[in-house]
Asker: 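Before anything else, here's the structure in question.
Throughout, protein chains are lettered first and strands after them, A, B, ... in sequence-line order, and every chain is numbered starting at 1. These values consider heavy atoms only, across backbone and side chains, with no hydrogens, waters or symmetry-generated copies.
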2 protein chains.
Amino acid sequence: MRGRPTIYEDANIIKKAQEVFWQKGYSATSLSDLQKATGAGAGSFYNTFKGGKKEVFQKAIEERRLAFDAFKIELNKSDSPLELIKNFFRSIAAADENEHLKGCIIANTVVEMTFIDEKLEANAVQILKEVEEMFTQAIKLEQVNGTLKTKTAPEILGKYLITFWCGLNTLRRMYPDKNVLKNQIEMQLAVLS
Amino acid sequence: MRGRPTIYEDANIIKKAQEVFWQKGYSATSLSDLQKATGAGAGSFYNTFKGGKKEVFQKAIEERRLAFDAFKIELNKSDSPLELIKNFFRSIAAADENEHLKGCIIANTVVEMTFIDEKLEANAVQILKEVEEMFTQAIKLEQVNGTLKTKTAPEILGKYLITFWCGLNTLRRMYPDKNVLKNQIEMQLAVLS
DNA sequence: TTTATTTTGTAATGATCGGTACAAAATTAT
DNA sequence: ATAATTTTGTACCGATCATTACAAAATAAA
């Protein structure tokens with residue numbers, strides 16, 4: 001194929017942009033921020049992403065969805081998926097301070113975009129619902145297996161976990177501290193037993 | 001006192017501005033938005049609030065803190081404060097859709113301002129910690145009274161409730177639905193028994 | 001009635017916003 | 001070599017941003 005060679009990989013631009021969006025959110029991130037972070041100038045930027053800032057944000061969100069999907073595949077392969085989920089929550093405590101302050105880009109987006117951009121908000125809500133469904137299915141399976149004793153409906157427990165996930169998204173910023181978070185996570189996970 | 005009479009009450013400007021900030025957040029709210037919402041032009045606006053947009057936001061947050069303080073006073077007067085807190089959570093489910101989508105302006109601010117404005121974020125975190133402390137004290141009192149059976153440390157349960165509050169802040173947007181929220185709230189409150 | 005004082009409305013300010021225009025650069029196909 | 005094609009860097013666009021300047025309006029004090 002003819003033409004000047006690409007020096008800014010699409011995937012790389014999105015990865016770098018995601019980091020900025022994750023920290024500052026959509027509105028507070030400027031094109032100048034993105035250009036600084038990615039190295040790409042306006043020419044390359046708009047040549048690659050005709051949809052501009054919004055398209056890059058959507059793709060950054062989409063990449064995060066893929067990470068959740070990858071975890072879902074792990075769950076499906078496991079016969080004790082709830083233990084994987086619990087360990088996923090436990091691993092949060094071990095993250096460094098910057099990760100705590102960043103939180104979850106999907107949950108952040110729901111909060112930020114509610115009255116700003118209907119589509120972006122609905123998309124983020126959809127992803128959280130998929131994660132919730134993933135929790136629910138894992139719980140249902142372990143209830144059927146008999147490895148999870150509680151009789152509470154899996155749908156309620158799934159919503160309990162996604163609520164916890166979103167609550168943790170703020171608690172981590174209040175207490176970006178391993179020990180505090182570890183205690184709280186263990187306490188909340190004890191409900192699933 | 002001499003001078004042209006004030007037609008825009010400070011308190012009223014803040015109340016009107018709070019509504020906009022609550023919906024759109026700090027960054028996405030423009031001065032033009034605030035002027036439209038309050039009726040006050042740039043002249044009155046900057047004459048009243050020398051600190052501009054940021055000062056008005058701080059005062060809108062401060063007003064919300066006062067609402068929590070008022071509730072705290074109610075708690076101190078009560079000898080079953082935990083029941084008041086539970087009813088406070090229960091009342092959330094009954095709110096209308098717009099209230100669900102708005103969420104909690106303090107929790108929203110923590111999420112939005114983390115990498116944007118250190119002071120505004122720290123202030124919002126402080127308010128959440130005060131609410132948490134309010135929860136903790138109520139729990140401790142009812143444990144001493146014997147009206148609350150669980151032996152879990154009040155500090156852990158206080159953090160559990162503030163985590164729930166922040167989680168609810170997103171769950172409400174995912175499911176702005178009375179019945180869904182009612183079920184989840186009852187389930188999570190059942191932990192405190 | 002005049003003077004002092006304060007608020008108001010409007011018109012500007014410079015800065016930054018997201019996005020576009022376009023020519024130079026760099027490649028492949030002919 | 002030359003032509004065709006694509007990316008890149010830069011200059012620029014109008015719109016909007018938060019804020020300021022300032023004169024007219026409206027009051028109370030003198």
Asker: Would you confirm whether the ring centroid of Phe164(A) sits within less than 6.0 angstrom of the ring centroid of Phe89(A)?
Answerer: yes
Asker: Base, sugar-phosphate or nothing for Ala42(B)? Non-hydrogen atoms, less than 4.0 Å.
Answerer: base
Asker: Inspect the contact between Glu19(B) and Lys102(B) and indicate whether a charged nitrogen and a carboxylate oxygen are less than 4.0 angstrom apart.
Answerer: yes
Asker: Atom NZ of Lys53(B) and atom P of dA18(D): how far apart are they, to the nearest Å?
Answerer: 4 Å
Asker: In whole angstroms, how far is the C1' atom of dT7(D) from the CG atom of Asp10(A)?
Answerer: 12 Å
Asker: Return the nearest nucleotide to the side chain of Pro5(B); candidates are dT7(D), dA26(D), dT7(C).
Answerer: dA26(D)
Asker: Heavy atoms only, 4.0 Å cut-off, all strands: where does Ser27(B) land among base, sugar-phosphate and nothing?
Answerer: nothing
Asker: Counting the atoms with a prime plus P, OP1 and OP2 as sugar-phosphate, which does Gly52(B) contact under 4.0 Å by heavy atoms, base, sugar-phosphate, or nothing?
Answerer: sugar-phosphate
Asker: If you check every side-chain atom of Ser44(A), which of dA25(D), dA26(C), dT8(D) has the closest atom?
Answerer: dT8(D)
Asker: On the ring face of Tyr175(B), is Lys129(A) found with NZ or CZ under 6.0 Å from the centre and within 45° of the axis?
Answerer: yes
Asker: Could you check Phe135(A), Tyr160(A), Phe88(A) and say which one makes a ring-ring contact (aromatic ring centres under 6.0 Å, His included) with Trp165(A)?
Answerer: Phe88(A)
Asker: May I ask you to evaluate whether Tyr46(B) reaches the phosphate of dT20(D), defined as a side-chain N or O under 4.0 Å from OP1 or OP2?
Answerer: no
Asker: Between dG18(C) atom C1' and Glu55(A) atom CD, what is the distance in whole Å?
Answerer: 14 Å
Asker: Could you check whether Tyr8(B) gets within reach of a base, just the sugar-phosphate, or nothing at all, counting any heavy atom under 4.0 Å?
Answerer: sugar-phosphate
Asker: Roughly, in whole Å, what's the span from CD1 in Ile7(A) to C1' in dT27(C)?
Answerer: 13 Å
